[in-house]
Every structure is written in structure tokens, then in C-alpha cells.
Amino acid sequence: MANTMPIEYYQQLEEIQAIDFVIDELVLYLDTHPTDQNAIQQYNHFALYSKQIKQKFEESFGPLQKGSVNHQQDYWAWSGLWPWQV
């Protein structure tokens, strides 16, 4: 199937995945180093940034996961690729 989404879709999705990977790694580190203030600050920074870029993505392209607010007018119509086609 040909790519039907704009390049920004893929760029933003890749950034979301990269930031969420960083968050997962920080969580694992903090499991064994719970008092590391630098790691806690990094976690808080990336968690906030993740929330912001996901909101930006969803405003442009629709929900990322169940429970996300759908900002599209016709929120029952699916546009673009299915999640497993990305």
C-alpha cells in the first residue's frame, strides 16, 4: 500500500516513539536509583515533552490510543493508514 499520510505524520510519530523510549529507559534506571535527582528531572522533562508532542500529533492526525480525545469533526471516520500499516 502506498504511503498516504504526509511526511510530518511519520516524523512526529518517530519523535513520539523516540521520546517514549527515553522515558522507558529512565523508568528502568529510576527503579534501581530512585533518589537520582538528575534522572528524576530528566524523566519529568521528557514526560511533559511527550505529553505535548502527543497532543500536537493528535490535533493534526487523530487519536494515538484509546482514551485520547479525538479532535476531528467526523470522529467515527477513519482516515489514513491503519496503525499496523505505519
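The side chain to side chain contact (heavy atoms under 4.5 Å, CB included) test with Leu26 is passed by exactly one of Ile23, Asp24, Val22: Val22.
Contacts of Leu28 classified as side chain to side chain contact (heavy atoms under 4.5 Å, CB included), with partners at least two apart in sequence or in another chain: Glu25, Asp31. In this structure, the ring-ring contact (aromatic ring centres under 6.0 Å, His included) partners of Phe57, at least two apart in sequence or on a different chain, are Tyr9, Phe61. Residues satisfying the side chain to side chain contact (heavy atoms under 4.5 Å, CB included) criterion with Asn44, sequence neighbours excluded, are Ile40. Considering only residues two or more places apart in sequence or on other chains, Gln17 meets the side chain to side chain contact (heavy atoms under 4.5 Å, CB included) condition with Leu13. Considering only residues two or more places apart in sequence or on other chains, Asp36 meets the salt bridge (Lys or Arg N to Asp or Glu O under 4.0 Å) condition with none of them.
Annotation: Glu14, atom CD; neighbour count of heavy atoms from other residues, nucleotides and ligands within 6.0 Å does not exceed 12.
Listed by first and then second residue, the ring pair (Phe, Tyr, Trp, His ring centres under 6.0 Å) pairs that reach into residues 30-51 are Tyr29-His33, sequence neighbours excluded.
Considering every non-hydrogen atom in both Ile19 and Ser50, the closest pair reads CG2-CB, 3.8 Å.
Note that CG of Leu64 is 9.5 Å distant from CD1 of Ile53, once rounded to the nearest 0.5 Å. Between the CD atom of Glu58 and the CD atom of Gln12 there is a distance of 11.0 Å, given to the nearest 0.5 Å.
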Test side-chain contact (heavy atoms from CB on, under 4.5 Å) applied to Lys54 and Ile16, step by step: CA-CA 7 Å; Lys54 286 175 181 176; Ile16 288 167; 3.8 Å; yes

